[in-house]
Amino acid sequence: YYANSESAPEIQCVDSFELNHCRTRKEQYRMRLLLIDDELDCINVMRTVLRPAGHECDLFGDPVEALESFRKEHHDVVVTDYRMPEMDGIEVLKEIREINPETPVVILTGYADVENAIGAVNHGAYAFFRKPLDFNEFIGTLSKIENERKEREEQKVYFDKLAREY
């Protein structure tokens, strides 16, 4: 899908555990994503797909550590697994909502059923995806989130300008 590895930014790992917290050195990115999954292969594949699309990815296998990072640093989107040993995706979603209610949260699961999806959406999840991911649909959802974010920023600039003029 994104086969051109030449365009992929170089990765800098800032922790001895390679997948714990990796960031691109690229200064400009479309969005900064917080990826949380105890299945490290899953978030590694997501990073491989999302980096060439211009997204910066912070990877965490431990949701508690991911939430600590979210409290300290800005992330445009949180993508979390539904079932993890330490805490589930709904608990992560609730914590994210308390810290920053504006941040979209996407939940992934290998155990998709209607009840889980409805519960996630009722708790404020932006989207709910079943594993293995359909990356076209997933990237489409991220693009929609990005466009909505840009529209909000443009509206804010416009209304700030109006407020200064009047």
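Because the structure is a prediction, the values reported are computed rather than measured.
- Of the listed residues (H74, H55, E73), just one forms a side chain to side chain donor-acceptor pair (under 3.5 Å) with R32, and that residue is E73.
- Only one option out of I107, L108, V79 pairs with F129 in a side-chain contact (heavy atoms from CB on, under 4.5 Å); it is L108.
- Taking both residues in full, the closest heavy atoms of T109 and D81 are given as CA-OD1, 3.9 Å, listed atom of the first, atom of the second, then distance.
- Neither side chain, Y82 nor D88, offers a donor N or O lying under 3.5 Å from an acceptor on the other.
- Between the side chain of S69 and the backbone N or O of E65 there is no donor-acceptor pair closer than 3.5 Å.
- Considering every non-hydrogen atom in both P63 and V92, the closest pair reads CB-CG2, 3.8 Å.
- We find that E146 and K150 are joined by a salt bridge, their nearest charged nitrogen and carboxylate oxygen being less than 4.0 Å apart.
- The nearest pair of heavy atoms linking P85 to D38 is CD-OD2, 3.2 Å.
- In terms of modelled atom types and a separation under 3.5 Å, the side chain of R51 and the main chain of C57 share no donor-acceptor contact.
- Counting non-hydrogen atoms of neighbouring residues, nucleotides and ligands closer than 6.0 angstrom, the CD atom of E153 exceeds 12 such neighbours.
- Considering all non-hydrogen atoms of both residues, A125 and L93 come closest at N-CD2, 3.7 Å.
- Among L35, T103, L33, the one residue that satisfies the side-chain contact (heavy atoms from CB on, under 4.5 Å) test with V77 is L33.
- R164 and D160 are not joined by a salt bridge, as no carboxylate oxygen comes within less than 4.0 angstrom of a charged side-chain nitrogen.
- Comment: K131 engages D37 in a salt bridge, judged by a side-chain N to carboxylate O separation of less than 4.0 angstrom.
- Put simply, the side chain of D134 gets close to the backbone of E137: a donor and an acceptor are under 3.5 Å apart.
- In this structure, I43 and F60 have side chains that are not in contact, with every pair of non-hydrogen atoms separated by 4.5 Å or more.
- Annotation: side chain of Y126 is in contact with side chain of E148 (closest heavy-atom distance under 4.5 Å).
- For E95 and R71, the salt-bridge test passes: some basic side-chain N is under 4.0 Å from an acidic carboxylate O.
- Minimum heavy-atom separation, Y111 to N116: O-ND2, 3.3 Å.
- When atom types are taken as modelled, the side chain of R97 and the backbone of E102 share no donor-acceptor pair closer than 3.5 angstrom.
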